[in-house]
Amino acid sequence: MGLNIKHKVAVVGAGMSNVMRRAEETGRELSFYAVKEALKNSGLTIEDVECVVMATAPDAFDGVHMKGEYLADGAGAFRKPYMRSYVGGGSGVFAIIHGWYMVASGMFKTCLVVAEEKMSSAQPHPQAAFNSIYDHTLERPLGVNLLWIFALEMNRYMSVHKIPLEDIALVSVKNKRNGLDHPCTQVGAEVTVKEVLESEIMAWPVHRLMVSPTSDAAAAIVIARDDIARRVSEQPVWIKGVGWNLDTAFWTNRDLYYPDYVEKAARMAYEMAGITNPRKEIHVVEPYDPFAYKELHHLEGLLLADRGKAPELLKKGVFDRDGELPSCPSGGLLGVGNPIAAAGLMKVCEIFWQLRGEAGKRQVKNNPKTGLAQAWGDLMQVGTVVILSVN
Amino acid sequence: MSIWRKVHVNKKAHAWEGDIPIYFSYTVGPAGEKFFTALKEKGVFVAVRCRQCGKVYLPPRIYCEVCMEDVEEFVEVQPEGRVVTWTEVTRDSRGSLLEKPELIGFINIYNTDGGIIHKIVAKDFSKESLTGAEVKAVLKPPAERSGELGDILYFELKV
Ligand SMILES: [Zn+2]
């Protein structure tokens, strides 16, 4: 990677709407709520925003084709340069990478990054939209849905490493409990391993309480060039590293037990950030957790745990809020909700708040200086990573 | 030479017919609720004024897209205005000929900075004079209105 980056770039504001199913508000209005909050604490106004990046996942969720354009005015893009970022579920973190480009390149001094999803428009269930992301002749005739691939992948991960279901259920317990402290939560709850394992089996070994919900929400961040960031913000949060990577979309052509593409994305971001020992240098992490095992899978892909060893660290409490490496302190997708594209940017917002010590009851105890947010999605083969730091 | 062959009849090649089996339930949002409730119950339009820049949005919104601030000054306006531009369509969206051509207009509603696109029914009109013509909405009778775009049957020329 030949890095010749013109400008340092920082996040100076973050905001998000409540997360819920069946919001009355339109996607535009959800976007507006997030933008308004992000601007309010950024020290910048809408006039200062030079360009806007929007992340939103399949048009078929909101039921609006050209959804990026539809959302533009709610995202604050009125008569501004505007672009949509889109790698499915990975879009939320892809969007900050896109926004970083806009400013690091020298093209713009500021960028507003917005992510939105209104999944509850899709009837009878967004699964019907997910069905059509699969290959139309090889997979769809089977009536495939999203749970299948997760079930196949989870089973492979558990079989290769001999991981018991109880260990994976602990992710749901941790994240749902963390989510209780998030003011925007849809699914924060106190649940036990027993309750998780007694919940409905949706596709073996995936249980209902290991699955994130259908959600409506938006999130936004404001990013600025270093000179602006230092002027408007007492504590800019620097974008130190970005990475993304795509694997083959044929799931029969990769071994599902390990996300190589997440590792590649992470290595790219670590190299850019000058991080050589991520387990020591990353202090708080928000890996993508649409399903319980995915958090563990991703922690391994991010090189924050040895392959197959994330469950042991989880059991030891390493990933708790007061642990050595707090993971999903926000509650994540399992504990807050999963508004697909907005879920990734919600994780970026959490790292921003954690690093500034503004996470309130969710604040981690290890005085973090550097954090990482990761999203995943597309055709289950994209990893997007950003590393933020107050140093 | 990148295309291998042309398939004139899909069935001659191996093909699988499918659709995206989904439909939608769209909410109109808090501002939309106000608009459609007033249309149904009072037969008027609701617009909203931005205190900062003075722009009056119709259809109403809960935010000003220019100022990115909340807008809360909802006002009722009569469903009347001027034709900004119009067209006469002859075919439907599947390409079939309509029984008779339909006039579709963009109507700026008086006292607002916005407007609505809807059918215009005008028995005698000249292509020269329809742009700029004054029109008013013809609504369904109150008992038949359900709070949707179809409550407006069409716009007609004001005489
Ligand atoms: Zn305004």
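Because the structure is predicted, anything quoted here is derived from the model rather than measured. Here is how names work: the chains are called A, B, and so on, in the same order as the sequence lines, proteins then strands, and each is numbered from 1.
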Chain A contacts: which residues in residues 64-72 of chain B have a non-hydrogen atom closer than 4.5 Å to it?
-> Glu65(B), Val66(B), Cys67(B), Met68(B), Glu69(B), Asp70(B)

Listed by residue number, which members of residues 39-52 of chain B have a heavy atom under 4.5 Å from any heavy atom of chain A?
-> none

[X] atom [atom1]: more than 12 heavy-atom contacts under 6.0 Å:
| X | atom1 | value |
| --- | --- | --- |
| Met202(A) | CE | yes |
| Lys140(B) | NZ | yes |
| Asn41(A) | CG | yes |

To the closest 0.5 Å, what do you measure between [atom1] ([X]) and [atom2] ([Y])?
| X | Y | atom1 | atom2 | value |
| --- | --- | --- | --- | --- |
| Arg140(A) | Asp19(B) | CZ | CG | 7.0 Å |
| Asp59(A) | Ile20(B) | CG | CD1 | 10.0 Å |
| Arg61(B) | Arg28(A) | CZ | CZ | 7.0 Å |

Most chain A-contacting option - heavy-atom pairs closer than 4.5 Å, from Ala31(B), Gly32(B), Ser25(B) = Ser25(B)

Exercise: do Asp73(A) and Tyr63(B) side chains pair donor with acceptor under 3.5 Å = yes

Structural part of [X] lying under 4.5 Å from a heavy atom of chain B:
| X | value |
| --- | --- |
| Arg79(A) | neither |
| Phe61(A) | backbone |
| Ala23(A) | backbone |
| Ala75(A) | backbone |

Which atoms form the tightest heavy-atom contact between Thr27(B) and Glu25(A), and what is the distance?
-> OG1-O, 3.7 Å

Nearest non-hydrogen partners of Pro124(A) and Pro21(B), listed with the distance | CD-O, 4.5 Å

Minimum side-chain heavy-atom gap Tyr23(B)-Gln123(A) below 4.5 Å | yes

Non-hydrogen side-chain atoms of Asp135(A) and Trp16(B) separated by less than 4.5 Å = no

Would Phe130(A) and Ile22(B) count as a side chain to side chain contact (heavy atoms under 4.5 Å, CB included) if you check the C-alpha gap in whole Å, the side-chain angles of each, and the deciding distance to 0.1 Å?
-> CA-CA 10 Å; Phe130(A) 281 124; Ile22(B) 196 166; over 6 Å; no

Any donor and acceptor pair, going by atom type alone, linking the side chain of Tyr26(B) with main-chain N or O of Asp62(A) inside 3.5 Å?
-> no

Max heavy-atom pairs within cutoff under 4.5 Å with chain B, candidates Ala129(A), Gly63(A), Gly27(A), goes to Gly63(A)

